[in-house]
Novice: 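Please read through the structure below; I'll follow up with questions.
Heavy-atom basis, side chains included; hydrogens, waters and symmetry copies ignored.
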Amino acid sequence: EDLVAYNLYLQGRCQMYRQTPDGFAKARQCFEEAVARDPQFALAYDGLGELYWWIGFFGFAPPKDAFSAGLWAALRAVEIDNTLAETHALLGQFRKELDYNWPEVHREMARALELNPASPVVRFRYANSGLMPQGRIEEAVAELERVLESDPLDVYARCWLAVMLWLGRQYKRGIEEARLFMELDAGSYIAHFTIALLYRDAGMFQEAIAAQRRAVELSGGAPQMLGWLGLALAQSGNTAEARMVLERLNAIATQAYVAPTSFAWIYLGLGEIDDAFVWMDRAIDACDPMIVPIKTYPFLDPLRADPRFAGLLRKMNLEP
């Protein structure tokens, strides 16, 4: 009903999808101004909730803090309007991240699909949070393909389709999708990061390292991007530079949050498996979202027979 608040909401969504620290800061200001003008504006609370989800996902703040703030905003949105399908799906994402409560994830996703089965946002969130963590990759791919049928220019659905194909070991097709993503948004560090994942596990280490370096550069040296760079360097045999990245992350950690998986991946690449398990365990405790695809990460395949790996799955309620 307040057009100024609605305009602020639209500006906030635009800034949020830049997915940079500056964009997130501007988005937060827009959403907060929108709800200050109209305290009953449910969509603005939904936007604020999603914003905190992305901040936690990319490690720009400790995930527990970001996800808790986002959960509050999403709950406020459904308190105002319980028919918001996308917000119910967002609540499912938070239950996945904060406490690995899969029955609640599925309950919220089912409610979202009941309210609006045609919503691309609901389908997108269902693929990423309802299906992927359980290892149901083929179903997740089908959901994202359905989203892209309605909007072939949806860069985030294209990105996540490439990621799902990577998790499903379909590297050739995944690289094709990642290249389409880069054509749509060449300046996005996420695009370079996505194709680096596929290159690395396809054994194309030179291309993977080049793409990951670009992701680090475009992200402003985000610790999460450095962790993935360290993994690629270590797996390619460049252990000296991988250890330099590890030292850089340790230095950053004295002043800011660094995702535990960023350390875990580098130790894994270096073959220091005991340390990798220690940091993966810490990642679960920290609600580090990069640990969520643990059932399907290709680079974790050599660890799956280790009893400690089953322990990690149990800790995330992914195994009996």
Novice: Are Arg146 and Glu149 ion-paired here, with the side-chain N under 4.0 Å from a carboxylate O?
Specialist: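 A salt bridge is absent here (no side-chain N lies under 4.0 Å from a carboxylate O).
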Novice: Which heavy-atom pair separates Ala74 from Thr87 by the least distance, and what is that distance?
Specialist: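 It is O-CG2, 3.5 Å.
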Novice: Over 60° means perpendicular and under 30° means parallel, so classify the ring planes of Trp102 and Tyr100, tilted if in between.
Specialist: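 Tyr100 and Trp102: tilted rings.
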Novice: Between His88 and Asn82 (side chain of the first, backbone of the second, donor and acceptor by atom type, cut-off under 3.5 Å), is there such a pair?
Specialist: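 Looks like yes, one N/O pair under 3.5 Å.
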Novice: Show which side-chain atoms of residues 150-157 pair as donor or acceptor with protein atoms under 3.5 Å away, not counting sequence neighbours.
Specialist:
residue : atom : partner : partner atom : Å
Ser150  : OG   : Val147  : O            : 2.6
Asp151  : OD1  : Leu153  : N            : 3.1
Asp154  : OD1  : Tyr156  : N            : 3.1
Asp154  : OD1  : Ala157  : N            : 3.1
Tyr156  : OH   : Tyr17   : O            : 2.2

Novice: Mind checking the CD-CZ spacing from Glu86 to Phe124? Nearest 0.5 Å is all I need.
Specialist: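 These two atoms lie 12.5 Å from each other.
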Novice: List the residues meeting ring-ring contact (aromatic ring centres under 6.0 Å, His included) with Tyr52, not counting sequence neighbours, and say none if there are none.
Specialist: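 So Tyr52 forms no ring-ring contact (aromatic ring centres under 6.0 Å, His included) with any residue.
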Novice: Can you tell me how far CD of Gln170 sits from CD1 of Ile175, rounded to the nearest 0.5 angstrom?
Specialist: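 That separation rounds to 12.0 Å.
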Novice: Counting only heavy atoms not in Glu79 (residues, nucleotides, ligands), do more than 12 fall under 6.0 Å from its CD?
Specialist: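 It does: Glu79 CD has more than 12 such atoms within range.
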Novice: Is there side-chain contact between Asp46 and Phe41, with heavy atoms separated by less than 4.5 Å?
Specialist: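 With C-beta onward as the side chain, the pair stays apart.
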Novice: According to the interplanar angle, ranging from 0 to 90°, do the rings of Trp228 and Tyr297 count as parallel (below 30°), tilted (30 to 60°) or perpendicular (above 60°)?
Specialist: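 Trp228 and Tyr297: perpendicular rings.
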Novice: In plain terms, say whether Arg173 and Glu145 are close enough for a salt bridge, that is, a side-chain N and a carboxylate O under 4.0 Å apart.
Specialist: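 So Arg173 pairs with Glu145 through a salt bridge.
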Novice: Distance-only criterion, 3.5 Å: show the donor-acceptor pairs between side-chain atoms of residues 216-226 and protein atoms not counting sequence neighbours.
Specialist:
residue : atom : partner : partner atom : Å
Glu217  : OE1  : Arg214  : NH1          : 3.1
Glu217  : OE2  : Arg214  : NH1          : 3.1
Ser219  : OG   : Ala215  : O            : 3.0
Ser219  : OG   : Val216  : O            : 3.0
Ser219  : OG   : Ala222  : N            : 3.1
Gln224  : NE2  : Phe57   : O            : 3.0

Novice: Between Ser236 (side chain) and Leu233 (backbone), is there a donor-acceptor pair under 3.5 Å?
Specialist: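 Yes; at least one donor-acceptor contact below 3.5 Å.
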Novice: So, taking the atom named OG1 in Thr239 and the one named CD1 in Ile266, what distance separates them when rounded to the nearest 0.5 Å?
Specialist: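 The distance works out to 12.0 Å.
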Novice: Taking a hydrophobic cluster as the set of Ile, Leu, Val, Met, Phe, Trp and Tyr residues connected by side-chain heavy atoms closer than 4.5 Å, whether directly or through intermediates, do Val121 and Leu90 fall within one such cluster?
Specialist: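 Unlinked, Val121 and Leu90 end up in two clusters.
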Novice: Going through the distances and angles, do Leu48 and Arg76 end up as a side chain to side chain contact (heavy atoms under 4.5 Å, CB included)?
Specialist: CA-CA 10 Å; Leu48 194 59; Arg76 178 68 182 123; over 6 Å; no
Novice: Ignoring hydrogens and geometry, is there a side-chain-to-backbone donor-acceptor pair from Arg123 to Pro117 under 3.5 Å?
Specialist: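 At least one qualifying donor-acceptor pair exists.
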Novice: State whether Glu114 and Arg111 are salt-bridged, where the test is any N-O pair (Lys NZ or Arg NE/NH1/NH2 against Asp/Glu carboxylate O) under 4.0 Å.
Specialist: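 Yes, charged N to carboxylate O under 4.0 Å.
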Novice: Between Gln19 and Ser188, is any side-chain donor less than 3.5 angstrom from a side-chain acceptor?
Specialist: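 Side-chain D/A pair, Gln19 to Ser188: absent.
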Novice: Are Leu300 and Leu229 connected, step by step, through hydrophobic side chains (Ile, Leu, Val, Met, Phe, Trp, Tyr) whose heavy atoms are closer than 4.5 Å?
Specialist: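 They do share one cluster, since a chain of ILVMFWY contacts under 4.5 Å joins Leu300 to Leu229.
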Novice: Could you check whether any side-chain heavy atom of Met132 comes within less than 4.5 Å of a side-chain heavy atom of Ile137, counting everything from C-beta outward?
Specialist: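 Yes, side chains in contact.
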Novice: Counting only pairs under 3.5 Å, give me each side-chain donor-acceptor contact of residues 242-253, with atom names and distances, residues two or more places apart or in other chains.
Specialist:
residue : atom : partner : partner atom : Å
Arg243  : NH1  : Glu272  : OE2          : 3.1
Arg243  : NH2  : Glu272  : OE2          : 2.5
Asn250  : ND2  : Leu246  : O            : 3.2

Novice: Indicate the atoms forming the closest heavy-atom contact of Leu148 with Leu161, along with that distance.
Specialist: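 Residues Leu148 and Leu161, closest heavy atoms: CD1-CD2, 3.6 Å.
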Novice: Just one of Leu8, Asp2, Leu10 clears the side-chain contact (heavy atoms from CB on, under 4.5 Å) bar with Tyr6, so which one?
Specialist: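 Among Leu8, Asp2, Leu10, the one that satisfies the side-chain contact (heavy atoms from CB on, under 4.5 Å) with Tyr6 is Leu10.
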Novice: Under the side-chain hydrogen bond (donor to acceptor under 3.5 Å, both in side chains) rule, collect the residues that match up with Asp274, sequence neighbours excluded.
Specialist: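 If we apply the side-chain hydrogen bond (donor to acceptor under 3.5 Å, both in side chains) test to Asp274, skipping adjacent residues, the hits are Arg308.
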Novice: Using modelled atom types only, decide if a donor and an acceptor are shared between the side chain of Asn116 and the backbone of Ala85 within a distance under 3.5 Å.
Specialist: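 No; judged by distance alone, with no hydrogens or angles, the pair does not exist.
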Novice: Among the clusters formed by ILVMFWY side chains lying less than 4.5 Å apart, do Tyr257 and Met290 turn up in the same one?
Specialist: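 As far as the 4.5 Å side-chain criterion goes, Met290 and Tyr257 are not connected within one cluster.
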Novice: If you compare all heavy atoms of Ala77 against all heavy atoms of Ala42, which two are closest, and at what distance to 0.1 Å?
Specialist: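 Where Ala77 meets Ala42 most closely, the heavy atoms are CB-O, 3.5 Å.
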Novice: Which pair of heavy atoms, one from Val105 and one from Gly130, lies closest together, and at what distance?
Specialist: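 Closest heavy-atom pair between Val105 and Gly130: CG1-CA, 4.3 Å.
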Novice: Run Arg158 and Arg179 through side chain to side chain contact (heavy atoms under 4.5 Å, CB included) and show every step you take.
Specialist: CA-CA 10 Å; Arg158 184 76 61 188; Arg179 285 174 176 163; over 6 Å; no
Novice: Within the structure provided, determine whether Leu91 and Leu75 are in side-chain contact (heavy-atom separation under 4.5 Å).
Specialist: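 Result yes, sub-4.5 Å side-chain heavy-atom pair found.
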Novice: Look up atom NZ in Lys295 and atom CZ in Arg136, then write down how far apart they are to the nearest 0.5 Å.
Specialist: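 Interatomic distance, Lys295 NZ to Arg136 CZ, rounded to 0.5 Å: 10.5 Å.
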Novice: Could you check Asp201 against Leu197 for side chain to side chain contact (heavy atoms under 4.5 Å, CB included), going step by step and ending with a plain yes or no?
Specialist: CA-CA 6 Å; Asp201 284 322; Leu197 297 174; 5.7 Å; no
Novice: Charged N to carboxylate O below 4.0 Å: is that the case for Arg107 and Glu104?
Specialist: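 Glu104 and Arg107: salt-bridged.
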Novice: Identify the heavy atoms of Cys159 and Thr194 that sit nearest to each other, and give their distance.
Specialist: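 Cys159 and Thr194 have their closest heavy atoms at SG-OG1, 3.4 Å.
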Novice: Taking Glu108 first and then Lys96, would you say they form a salt bridge - that is, a charged N and a carboxylate O separated by under 4.0 Å?
Specialist: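 So Glu108 does not pair with Lys96 through a salt bridge.
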Novice: Is any side-chain heavy atom of Leu51 less than 4.5 Å from a side-chain heavy atom of Gln15?
Specialist: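 Counting from C-beta outward, Leu51 and Gln15 never come under 4.5 Å.
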Novice: Please lay out, stage by stage, how Asp306 and Phe277 fare under the test side chain to side chain contact (heavy atoms under 4.5 Å, CB included).
Specialist: CA-CA 10 Å; Asp306 191 307; Phe277 271 111; 3.7 Å; yes
Novice: Under 3.5 Å, which donor-acceptor pairs do the side chains of residues 59-68 form with other protein atoms, sequence neighbours left out?
Specialist:
residue : atom : partner : partner atom : Å
Lys64   : NZ   : Asp285  : O            : 3.0
Ser68   : OG   : Lys64   : O            : 2.7

Novice: Roughly how far, to the nearest 0.5 Å, is the CZ atom of Arg13 from the CE atom of Met16?
Specialist: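 With rounding to 0.5 Å, CE (Met16) is 4.0 Å from CZ (Arg13).
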Novice: Between Ala34 and Ala44, which heavy-atom pair has the shortest distance, and what is it?
Specialist: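 That closest heavy-atom pairing would be CB-CB, 3.9 Å.
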Novice: Hey, what do you get for CD1 (Ile291) to CH2 (Trp279), rounding to the nearest 0.5 Å?
Specialist: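 Reported value, rounded in 0.5 Å steps: 12.5 Å.
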